[in-house]
There are 2 protein chains.
Amino acid sequence: MQSRTPASRTGRPRSAAADAAILAATREALVELGWSKLTLGDVATRAGVAKTTLYRRWAGKNELVVDAVAELFDELELPDRGSLAADIEGVVLQFAAILARPEAKSGLMAVVAESTRDDALRERIRASIVERQMRLVLEGRARAQRRGELPSVPDPAEATRTGDLIFDVVAGAVVHRTLVSGKPADEEWVRSFTRVLLLGLASSA
Amino acid sequence: MQSRTPASRTGRPRSAAADAAILAATREALVELGWSKLTLGDVATRAGVAKTTLYRRWAGKNELVVDAVAELFDELELPDRGSLAADIEGVVLQFAAILARPEAKSGLMAVVAESTRDDALRERIRASIVERQMRLVLEGRARAQRRGELPSVPDPAEATRTGDLIFDVVAGAVVHRTLVSGKPADEEWVRSFTRVLLLGLASSA
DNA sequence: CCATTACGCTACGGGTCGTAGCGAAAGCTC
DNA sequence: GAGCTTTCGCTACGACCCGTAGCGTAATGG
């Protein structure tokens with residue numbers, strides 16, 4: 001996270017319980033108040049810590065919410081469901097379930113918006129949230145290539161570009177469906193999406 | 001926009017020039033300051049109007065930015081380029097060019113984030129921004145069906161679902177590429193994306 | 001026991017918010 | 001032009017949140 005305890009060994013250690021309490025309080029405040037009305041003073045009160053303690057660990061609202069939201073994505077997994085289509089449907093449904101939670105809705109888009117003017121924040125989001133999702137895409141793709149469902153790409157640069165493309169299409173579609181269109185990415189939608197992704201528009205009814 | 005002059009005909013009319021100046025000042029402030037540091041007092045000063053004038057027309061920052069950003073999407077068009085693939089590439093490049101502008105980056109995601117807790121704001125975004133994009137998708141699809149490039153869907157409900165799906169995939173992918181991955185949706189990317197969208201993952205190298 | 005760091009608490013200047021109140025300006029109707 | 005109505009610019013205000021400084025205390029390790 002944000003912990004920096006590399007060389008310093010002396011002195012009173014930071015309370016790990018306080019970290020957990022603050023992040024939980026942040027998610028609670030996101031649900032009740034939303035991003036714009038969330039204040040660090042309120043979060044500190046909810047967590048039972050002093051405001052100064054909070055400022056010693058996080059630079060501001062942006063960094064705090066990134067860490068609080070990032071924990072929601074810990075549960076993402078990619079079990080082998082036997083086929084590429086089933087793998088995609090499974091992971092997309094998991095992703096959609098996380099995005100449907102109010103603390104994710106309120107917080108994620110807000111910090112992404114802020115990250116357009118803050119490179120350090122963008123990198124923090126990439127490392128703690130996006131990177132994990134990306135790994136799943138690459139793993140699912142490699143699995144499908146072993147099954148023979150997807151052609152293998154010899155050129156590494158080309159492989160990276162294709163991986164990035166797939167990731168933006170999958171994540172972008174789910175995010176847009178959930179947050180912009182405001183409709184649930186339920187099983188029916190995910191089936192239709194997977195069909196289009198695999199077979200293309202022309203093949204889908 | 002927000003003008004309400006249905007029954008009231010008497011008294012001093014609202015200055016249309018002030019509206020334009022305020023919206024332009026809002027975009028200017030979005031570029032220079034970004035969403036979070038943009039204040040209504042500053043916008044009023046930039047526009048050369050009193051802060052109270054601004055509050056008479058817009059309920060708050062959210063509504064103001066929605067209207068300011070919405071004007072950016074006025075230029076979206078869908079000229080007939082002869083094939084579905086060419087039509088998609090053309091409109092996606094236009095969309096990407098708008099999203100690449102700093103006033104769109106900073107503002108759009110922020111108001112979408114706020115809209116997760118404000119239904120009126122969500123509807124405002126839908127009506128003034130999303131609706132226009134959706135129209136292009138439907139028009140391009142109808143055109144492709146006339147050309148025989150896409151199968152026609154007799155069931156109206158199914159047609160709506162498919163239209164919504166295509167829209168979320170296209171818009172979501174471009175938005176995610178631009179704002180989350182932070183990479184440009186340039187011609188090369190758009191070509192690859194169009195290929196995947198039309199032919200599916202299996203057919204793309 | 002002592003150095004070091006974290007903690008809780010209080011207090012503060014600075015900034016923004018959104019509104020109220022005022023006189024002046026700009027239209028329309030007669 | 002007289003009179004009515006609404007908008008406009010301006011000033012001022014209490015309320016809130018920010019981020020930090022200072023202090024005494026608590027919890028470690030040497």
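Reminder, nothing fancy here: chain letters follow the sequence lines and each chain counts from 1. Computed from a prediction, not measured in an experiment: that's the story for all the values here.
We find that CZ of B:R14 is positioned 5 Å from P of D:dT7, with the value rounded to whole Å. Atom NZ in A:K61 sits roughly 9 Å away from atom P in D:dG19 (whole-Å rounding). Separating the CZ atom of A:R57 from the C1' atom of D:dG19 is a distance of 18 Å, rounded to the nearest angstrom. Rounded to whole angstrom, the span from the CG atom of B:L40 across to the C1' atom of C:dG15 amounts to 14 Å. Across the protein-nucleic acid pair, A:W58 atom CH2 and D:dG19 atom P stand 15 Å apart, rounded to whole Å. Distance, B:L64 CG to C:dG18 C1': 15 Å, rounded to whole Å. Here C:dT16 presents its P atom at 16 Å from CH2 of B:W35, a figure rounded to the nearest Å. Between the CD1 atom of B:I22 and the C1' atom of D:dC8 there is a distance of 11 Å, given to the nearest Å.
For B:R147 and B:D87, the salt-bridge test passes: some basic side-chain N is under 4.0 Å from an acidic carboxylate O. Under a 4.0 Å N-O distance rule, the pair B:R146/B:D80 does not qualify as a salt bridge. A salt bridge links B:R126 with B:E123: the closest approach of a Lys/Arg side-chain nitrogen to an acidic carboxylate oxygen falls below 4.0 angstrom. Between A:E114 and A:K61, no side-chain nitrogen of the basic residue sits less than 4.0 Å from a carboxylate oxygen of the acidic one, so the salt-bridge criterion is not met.
The CZ atom of B:R117 sits 7.0 Å away from the CG atom of A:L33 when rounded to the nearest 0.5 Å. Atom OG of A:S106 sits about 12.0 Å away from atom NZ of A:K37, to the nearest 0.5 Å. Rounded to the nearest 0.5 angstrom, B:R27 CZ and B:L72 CG are separated by 6.0 Å.
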Listed pairs under 3.5 Å, donor-acceptor, residues 88-100 of chain A side chains, sequence neighbours left out:
residue : atom : partner : partner atom : Å
A:Q94   : OE1  : A:E77   : N            : 3.0
A:Q94   : NE2  : A:E77   : O            : 2.8

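Near DNA chain D, meaning a heavy atom under 4.0 Å from it, residues 42-55 of chain A has A:K51, A:T52, A:Y55 in order of number.
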Residue pair A:R46, A:D42: steps toward the salt bridge (Lys or Arg N to Asp or Glu O under 4.0 Å) verdict: CA-CA 6 Å; A:R46 288 172 187 266; A:D42 179 67; 2.7 Å; yes
Reading 5' to 3' through nucleotides 22-30 of chain C, protein heavy-atom contacts under 4.0 Å coded B for base, S for sugar-phosphate only, - for none: ---BBBS--
